J.: 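Quick one: the structure is below, and I'll ask about it shortly.
Everything numeric here is computed off the predicted structure, so don't read it as measured data.
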Amino acid sequence: MCGIIGIVAGASVNQSLYDGLNVLQHRGQDAAGIVTCHEGRLHMHKCSGLVRDGFQTHHMLELVGHMGIGHVRYPTAGCASMAEAQPFYVNSPYGICLAHNGNLTNAEALKRELFRDDLRHVNTDSDSEVLLNVFAHELQRLGKLKVDAADVFHAVSQVHRRCQGAYAAVAMITGIGIVGFRDPRGIRPIVFGSRMSAGGPEYAIASESVAIDTLGYKLVRDIEPGEAVFIGADGTLETRQCAEHWSHAPCIFEYVYLARPDSIIDGISVHKARMRMGETLAKKILSTWPGHDIDVVIPIPDTSRSAALQLAYELGLKYREGFIKNRYIPRTFIMPGQALRRKSVRQKLNAIDLEFRGRNVLLVDDSIVRGTTCKQIIQMAREAGAKKVYFASAAPPVRYANVYGIDMPSAEELIAHDRSEEDVGKMIGADRLIYQNIDDLIDAARRGNPDITVFDSSCFTGRYVTGDVSQDYLERIAALRSDDAKLDRSGGIDTLTDLNAVVG
């Protein structure tokens, strides 16, 4: 899960790129980068941590140009280091930069092909650098001094032929323009918008519509699976379907947790989808637990609010804000190491005792991944005086690794892997645990756009929509993504002091 943005405008784009990345900060807090193009030269700045901390006035003044791309990074199998901060750059041909959200499932094979056949060197462990080199090589094979939109679309079609997995990307070709493209199944989100200025039309491409909205652009639409959108440096726009075969299978976890509630992804309002999750969860409680003794519904901020509010309404119960969130603590889901996550939960949330004291409380969260956070929150609720603490998840049990760009760890680190719902409830300390049904989750998303018949829900079902995920591959990424492996690569980061050095 990363955030990407690209803009071609009639005036300097540095401030808009900075503002857009701040809006997309929830998609990645490990590193950020911006590169702009001015008179045939590229200007780049990358930093560890948050956008607001790593970009100072003198950096912004150096980012001149009327077009540029940006990225906020959230590491999956890679390491938390500046070497893997994006955008990536290759000088041949033309000078190309790329920012990517997703994960290539055949990255290792591609890396070998790039070295052996294409004579290209990949310098990091990032599959995004692999994607960039594949795209660059396909442009180079054309042997042209200057490329046009048709050439760019041809290169994207070859990317689709060679690359497997999930990818939403923006690439900037020096002096030529920016292209945004999406994998043939549309797993990761990407949209584009436009606005008129005194100099003519301006265009923006971003991971989520909220970035388009806040920058003053009008959302045009999502980039379709397999499609590419090319914006020339002169402000012209062309689109083309570049995949021979394509289907639509967006990641359902975007609607559960990843995306901002004010975004619209593939025609589906994230906020409305989460409300429908709360509605179906309430119906499950009424059918399986008609004699419940819940006094109050309390959300775990922030992503569960929409679901919790609708759930409380459907059950005719009080909805209360029982936790105050410290907004200066990063999302614990993406922190490296269980010890660090445990330390962060109590600094991230504080309970309002009067909302818990003497009550039977139903806590609602978007999902349960490792179980670290919810276990501590349940304990906090008890310490605040709750008589009983029930827990509801707006998503089904997360039992399988995600291989399409979300850092769901090795299956063995997922609390629900090979465990019953009753077992998970006992492990997190809940008096009762209620999970969403998978069919209800899919229906909650699909009601926003009935044309989408398939969602990638592999972390719940173990069925991977690309059809190329073997047990060997899962074991390999498990070795890379485990907390122990990440701790080794980070040099032992597992304290808040050390974290600040990396992400701040």
Side-chain angles (χ1 to χ4, degrees), residues 4-11 13 16-17 20 35-37 40 65-70 87 93-101 131-132 134-163 167-186 188-197 199-207 209 211-212 215 217-246 248 266-267:
I4 60 174
I5 189 168
I7 299 175
V8 177
V13 297
S16 292
L17 289 168
V35 58
T36 59
C37 181
H66 293 183
M67 69 177 183
I69 63 175
Y94 318 118
I96 304 174
C97 297
L98 178 140
H100 163 226
N101 174 33
L131 180 65
L132 168 60
V134 171
F135 176 69
H137 179 73
E138 296 302 332
L139 278 178
Q140 190 168 29
R141 289 179 63 185
L142 297 173
K144 299 176 71 171
L145 185 61
K146 188 174 182 179
V147 292
D148 57 20
D151 298 323
V152 173
F153 292 143
H154 172 76
V156 173
S157 70
Q158 295 303 103
V159 168
H160 292 331
R161 182 182 62 82
R162 297 180 66 180
C163 297
Y167 49 93
V170 286
M172 181 168 65
I173 307 169
T174 306
I176 303 297
I178 289 176
V179 60
F181 57 94
R182 194 178 188 189
D183 73 77
R185 289 176 180 79
R188 299 260 71 84
I190 184 170
V191 301
F192 70 101
S194 67
R195 69 183 181 190
M196 289 299 298
S197 70
E202 300 179 339
Y203 296 96
I205 301 171
S207 291
S209 65
I212 302 294
L215 293 177
Y217 290 80
K218 181 180 179 182
L219 178 66
V220 175
R221 59 178 174 84
D222 298 86
I223 296 178
E224 296 295 331
E227 186 184 27
V229 172
F230 178 76
I231 308 164
D234 59 355
T236 58
L237 180 139
E238 296 184 52
T239 67
R240 184 175 298 177
Q241 176 55 253
C242 298
E244 291 184 13
H245 307 286
W246 61 277
H248 212 164
D266 290 311

J.: Might you point out which heavy atoms bring Ala171 and Phe135 nearest each other, and give the distance in Å?
T.: CB-CE2, 4.0 Å

J.: Can you name the nearest heavy-atom pair linking Pro201 to Gly235, along with the distance?
T.: CG-O, 4.0 Å

J.: Of the non-hydrogen atoms in Arg185 and Asp183, which two are nearest, and what is the gap between them?
T.: N-OD1, 2.7 Å

J.: Using only atom types and a distance under 3.5 Å, with no angle test, would you say the side chain of Glu202 pairs donor to acceptor with the backbone of Ala204?
T.: no

J.: Quick test of your reading: applying side chain to side chain donor-acceptor pair (under 3.5 Å), list the pairs with at least one residue in residues 219-234, sequence neighbours left out, ordered by first then second residue.
T.: Arg221-Glu227, Asp234-Thr236

J.: Under 3.5 Å, which donor-acceptor pairs do the side chains of residues 172-179 form with other protein atoms, sequence neighbours left out?
T.:
unit_1	atom_1	unit_2	atom_2	d
Thr174	OG1	Tyr94	O	3.4
Thr174	OG1	Gly95	O	2.8

J.: To the closest 0.5 Å, what do you measure between CD1 (Ile96) and NE2 (His137)?
T.: 12.0 Å

J.: Please tell me if the side chains of Ile69 and Leu17 come closer than 4.5 Å, counting only heavy atoms from C-beta onward.
T.: no

J.: Does the Asn101 side chain pair with the main chain of Ala168, one donor and one acceptor, at a distance under 3.5 Å?
T.: no

J.: Mark yes when over 12 heavy atoms from residues, nucleotides or ligands other than Lys144 sit less than 6.0 Å from its NZ; otherwise mark no.
T.: yes

J.: Pro184 and Tyr167: which non-hydrogen atoms are nearest, and at how many Å?
T.: CD-OH, 3.6 Å

J.: Would you say that more than 12 heavy atoms from the other residues, nucleotides or ligands in this model lie under 6.0 Å from the CZ of Arg195, or not?
T.: yes

J.: Taking the side chain as C-beta and beyond, is there a heavy-atom pair between Phe192 and Leu237 under 4.5 Å?
T.: yes

J.: Closest heavy-atom contact between Glu238 and Phe153?
T.: O-CZ, 3.5 Å

J.: Could you pull out the closest heavy-atom pair between Ser16 and Ile7, with the gap in Å?
T.: CB-CD1, 3.5 Å

J.: Looking at His160 and Gly226, would you say the former's side chain and the latter's main chain have a donor-acceptor pair under 3.5 Å?
T.: yes

J.: Out of curiosity, His66 NE2 to Thr36 OG1, how far, rounded to the nearest 0.5 Å?
T.: 10.0 Å

J.: Are the side chain of Arg182 and the backbone N or O of Arg188 linked by a donor-acceptor pair below 3.5 Å?
T.: yes

J.: Measure the CD1-CG distance between Ile5 and Leu215 for me, rounded to the nearest 0.5 Å.
T.: 5.0 Å

J.: Supply the atom-to-atom distance Leu131 CG to Arg162 CZ, rounded to the nearest 0.5 angstrom.
T.: 10.5 Å

J.: State the CD1-CD1 distance between Ile205 and Ile212, to the nearest 0.5 angstrom.
T.: 8.0 Å

